[in-house]
Amino acid sequence: MKLVLIGMMGAGKSTVGRLVAGALHRPFIDTDMIVEVRAGKLIREIFAEGGEGEFRLRETEAIREAVAFAGSVIATGGGAVLSPVNRELLRESAFVVWLDAEPEELYRRAMRQGAAARPLLNGPDPLAVLRQRRAERAEAYQQTAHIRINAGGRSPEETAAEVTRLLLAREGNA
Ligand code: S3P
């Protein structure tokens, strides 16, 4: 069964995804990385040249590509759930886990990794952006996910262990 991680920037999707994939010896796929490889450009360059709209089109193509890999662990970009097409693609093809955390924690983590790679956080008040987008997207995350996990206040290793356990339980019942 495929695993898809959704959630805001800074929630730890890529870190946790890599850990789960490593533990289960499964392929790890990051849709942001597919977007960059296919475009031959960095995400910030795509935003700068074609705007968020161009990025979202490329993101849907990347999701289509990612969900075609059997048994993969897939980390999505934070806005992957905005399009109804993406929501359906993800929910129908995988066990979808929403990694959630409070905006303050998302902010700390995203800033530690550097805001430059994330055009949406490049403005004067990234914490306010995280708060607002999380509130706007909460319903879409909820609709897409099979389960929500609180990734706040614990390490990526602890979160990965819980996600692994849930995935294996789900596969056992499938
Ligand atoms: C975005 C999140 C980013 C990336 C792009 C847009 C968003 O991915 O897809 O910068 O809209 O939340 P991460 O969630 O991996 O940072």
Side-chain angles (χ1 to χ4, degrees), residues 2-21 27-67 72-87 89-91 94 96-145 148-152 156 159-160 163:
K2 284 159 224 163
L3 170 72
V4 163
L5 298 174
I6 61 171
M8 286 293 293
M9 297 175 269
K13 302 178 295 291
S14 301
T15 310
V16 169
R18 250 181 249 284
L19 289 167
V20 174
F28 172 71
I29 303 172
D30 185 325
T31 61
D32 282 345
M33 203 177 285
I34 297 185
V35 168
E36 291 187 331
V37 168
R38 294 288 176 232
K41 289 184 223 168
L42 298 174
I43 286 172
R44 69 174 146 78
E45 294 170 330
I46 299 172
F47 269 75
E49 292 164 24
E52 187 171 342
E54 188 193 326
F55 172 75
R56 297 296 170 207
L57 291 175
R58 291 183 175 278
E59 183 173 50
T60 295
E61 289 314 306
I63 289 172
R64 275 191 214 287
E65 200 174 330
V67 298
S72 51
V73 174
I74 301 166
T76 55
V81 298
L82 291 172
S83 132
V85 172
N86 296 356
R87 291 202 291 271
L89 267 173
L90 295 171
R91 198 177 158 93
V96 183
V97 176
W98 172 16
L99 298 187
D100 196 20
E102 293 301 316
E104 289 72 17
E105 181 143 7
L106 297 172
Y107 174 74
R108 274 194 300 276
R109 293 192 196 172
M111 289 303 120
R112 223 181 291 143
Q113 297 155 7
R118 294 184 168 113
L120 297 178
L121 300 183
N122 252 338
D125 193 350
L127 176 57
V129 172
L130 285 167
R131 267 205 195 99
Q132 192 190 340
R133 297 238 176 190
R134 179 170 173 265
E136 286 167 359
R137 293 172 178 178
E139 199 182 323
Y141 288 134
Q142 180 83 46
Q143 277 177 16
T144 314
R148 171 184 172 276
I149 284 187
N150 183 9
T159 303
V163 172

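Counting starts at 1 for both ligands and their atoms, in listed order. Sequential numbering from 1 along the given sequence is applied to the chain's residues.
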(request) Would you mind listing every ring pair (Phe, Tyr, Trp, His ring centres under 6.0 Å) that reaches into residues 107-142, with sequence neighbours excluded? (result) W98-Y141
May I have every N or O pair linking ligand 1 to the protein at under 3.5 Å, one per line with atom names and distance?
residue: ligand 1; atom: 8 (O); partner: D32; partner atom: OD2; Å: 2.8
residue: ligand 1; atom: 9 (O); partner: D32; partner atom: OD1; Å: 2.8
residue: ligand 1; atom: 9 (O); partner: D32; partner atom: OD2; Å: 3.3
residue: ligand 1; atom: 11 (O); partner: R56; partner atom: NH2; Å: 2.6
residue: ligand 1; atom: 11 (O); partner: R137; partner atom: NH2; Å: 2.7
residue: ligand 1; atom: 12 (O); partner: G79; partner atom: N; Å: 3.4
residue: ligand 1; atom: 12 (O); partner: R137; partner atom: NH1; Å: 2.8
residue: ligand 1; atom: 12 (O); partner: R137; partner atom: NH2; Å: 3.4
residue: ligand 1; atom: 14 (O); partner: K13; partner atom: NZ; Å: 2.7
residue: ligand 1; atom: 14 (O); partner: G78; partner atom: N; Å: 2.9
residue: ligand 1; atom: 15 (O); partner: D32; partner atom: OD2; Å: 3.2
residue: ligand 1; atom: 16 (O); partner: R118; partner atom: NE; Å: 2.5
residue: ligand 1; atom: 16 (O); partner: R118; partner atom: NH2; Å: 3.2

(request) Could you grab the distance from atom OG1 of T60 to atom CZ of R58, nearest 0.5 Å is fine? (result) 12.0 Å
(message) Can you confirm whether R64 sits close enough to V85 that some side-chain heavy atom of one is under 4.5 Å from a side-chain heavy atom of the other?
(response) yes
(request) Please identify each residue that fulfils side chain to side chain contact (heavy atoms under 4.5 Å, CB included) with S14, with sequence neighbours left out. (result) F28, D30, A75
(message) Could you walk me through whether E61 and R38 satisfy the salt bridge (Lys or Arg N to Asp or Glu O under 4.0 Å) test, starting with their C-alpha distance in whole Å, then the side-chain angles of each, then the deciding distance to 0.1 Å, before giving a yes or no?
(response) CA-CA 10 Å; E61 289 314 306; R38 294 288 176 232; over 6 Å; no
(message) E102: which residues meet the side-chain hydrogen bond (donor to acceptor under 3.5 Å, both in side chains) condition with it, sequence neighbours left out?
(response) none
